[in-house]
Amino acid sequence: MTSSSEPLELFVDKTVFGGDGLAHYQGKVYFIEGALTGETVLARVVAEKKNFSRAEIIRILEPSKHRINPPCRYVAHCGGCQYQHVEYSQELRMKEAQLLEILKTVPGLDVEKISPIAFSEKEYGYRNSVTLHPIYSKKKKSAILGFIGKDNVTKIPIKSCLLLDDRFTEIFDKELLFKDKPEKITFKLSENGEIVPDIDEIFYRVRMGEESFLAGSQGFFQNNLAVASLLADKVSRWVASCKPDTFFDLYSGVGVFSILCAKTAARIVCIEESEASVQALKMNREEKKIQSMEIIQGRVEKLFPQAYESNKSGTSMVLLDPPRQGLSAELAFNLAKKQGIHSLVYISCDPVTLARDLKIILSLGQWQVSEIAPFDMFPRTKHLEVAVILSVIAPSQN
Ligand SMILES: C[S@@+](CC[C@H](N)C(=O)[O-])C[C@H]1O[C@@H](n2cnc3c(N)ncnc32)[C@H](O)[C@@H]1O
């Protein structure tokens, strides 16, 4: 048996979702942080698990032709970016290959339906929101800002982050004072360049294309507005082609998709848990004079069945935009067998939970995937946004 301290020469078969290189050696599986497809590396095992080992690179023996020097000085410790050491064009190819590999595991899913990835014009400087961890001085309540490092514990003080819009520079330059010493703070950027912290609830404006939305400092809004606009265009076209009588916007946030699709759906029902987002959603509904929109505050899993029974009429389309953990198995199953839903749009920020949920939906044999559209919302990081439209093939008798 190989000792964990003995360096191994490993050939990397591929970079898997999450950014690790996968290698096989003497019947064992190795995941090597930051190793790229086709590279040969000298690596040291850092953790042995039952079915695989984790390894770290000691030296790159044969580098990939796509390897570059990461531009960020914090990259070795921060853990926020998994792909700064690879050309952006190759990061996109890797993410496409990873998505294909994950979705191939879903029985009945036609992977030919995957479109080329929509990319971000900006590789860096695209984020309009950031969560930072204040590091307090012992005597005062003032703090400098940091990220949580790769070990998930250590706070790493930083003076910049390359992913952020340039207008965030000022938060790193001033001395910040906080009365309640919060553990973490999220800063957001408004459409006129103001920086909005989430210590108090503040409503601010965000512009996506032609539309300006109100959002809550303590609620969700997409981070990369240029790519979010591409996603919103795609979803609007899907909704326009279906022309549903009722459009259910589940996990609706401040109602971006509902507002953009308000002209094509006769009736809209939004369900959202966050108080801040629901308040902003109500203000957006009023400002944009959308009379056909009902807003329900609470958990989708609990409230959707009743909301569906009370509002269904004619054809229904359901849009799902859950957080990373995806749908509950019960919700996925119930959605898949409800009568009257003609199309489902699933927007996912985790291809793994997306695949898990699609397995449930497709297992009933009543749905087919019409298109799968990946969006690189978070360049230089492992994250990937994917939108899927499914249409019903056999009306359910349940
Ligand atoms: C990925 S965001 C999508 C928001 C919105 N569709 C958008 O694009 O701006 C997920 C949203 O779901 C909300 N949420 C999370 N869990 C929920 C639940 N179980 N029921 C209802 N809303 C939930 C969050 O507050 C957040 O606004």
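The residues of the chain are indexed from 1 along the displayed sequence. Keep in mind that what you see is a predicted model, and the values were worked out from it rather than measured. One-based numbering, in listed order, for ligands and for the atoms of each.
- Taking the ring centre of Phe31 as origin, the terminal cationic atom of Lys49 falls outside the region bounded by 6.0 Å and 45° from the ring axis.
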>> As a quick check of understanding, evaluate side chain to side chain donor-acceptor pair (under 3.5 Å) for Thr154 and Asp151, giving each step before the final call.
In response: CA-CA 7 Å; Thr154 315; Asp151 62 2; 2.3 Å; yes
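- Within the 4.5 Å cutoff, the side chain of Trp367 has heavy atoms near those of the Val392 side chain.
- Taking the centre and axis of the six-membered ring of Phe172, the NZ or CZ atom of Lys159 falls outside the cone set by 45° and 6.0 Å.
- In this pair, Tyr308 and Phe248 present their aromatic rings tilted. The plane angle is within the 30 to 60° band.
- Between Arg205 and Glu191 there is no salt bridge, since no side-chain N of the basic residue sits under 4.0 Å from a carboxylate O of the acidic one.
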I'd like a table of the close N/O pairs between ligand 1 and the protein (anything under 3.5 Å), one pair per line with both atom names and the distance.
{"residue": "ligand 1", "atom": "6 (N)", "partner": "Tyr251", "partner atom": "O", "Å": "3.1"}
{"residue": "ligand 1", "atom": "6 (N)", "partner": "Asp321", "partner atom": "OD2", "Å": "2.8"}
{"residue": "ligand 1", "atom": "8 (O)", "partner": "Asp321", "partner atom": "OD2", "Å": "3.1"}
{"residue": "ligand 1", "atom": "16 (N)", "partner": "Glu273", "partner atom": "OE1", "Å": "3.3"}
{"residue": "ligand 1", "atom": "19 (N)", "partner": "Glu301", "partner atom": "OE1", "Å": "2.9"}
{"residue": "ligand 1", "atom": "19 (N)", "partner": "Glu301", "partner atom": "OE2", "Å": "3.4"}
{"residue": "ligand 1", "atom": "20 (N)", "partner": "Val300", "partner atom": "N", "Å": "3.0"}
{"residue": "ligand 1", "atom": "22 (N)", "partner": "Glu273", "partner atom": "N", "Å": "3.1"}
{"residue": "ligand 1", "atom": "25 (O)", "partner": "Glu272", "partner atom": "OE2", "Å": "2.6"}
{"residue": "ligand 1", "atom": "27 (O)", "partner": "Glu272", "partner atom": "OE1", "Å": "2.8"}
{"residue": "ligand 1", "atom": "27 (O)", "partner": "Glu272", "partner atom": "OE2", "Å": "3.2"}

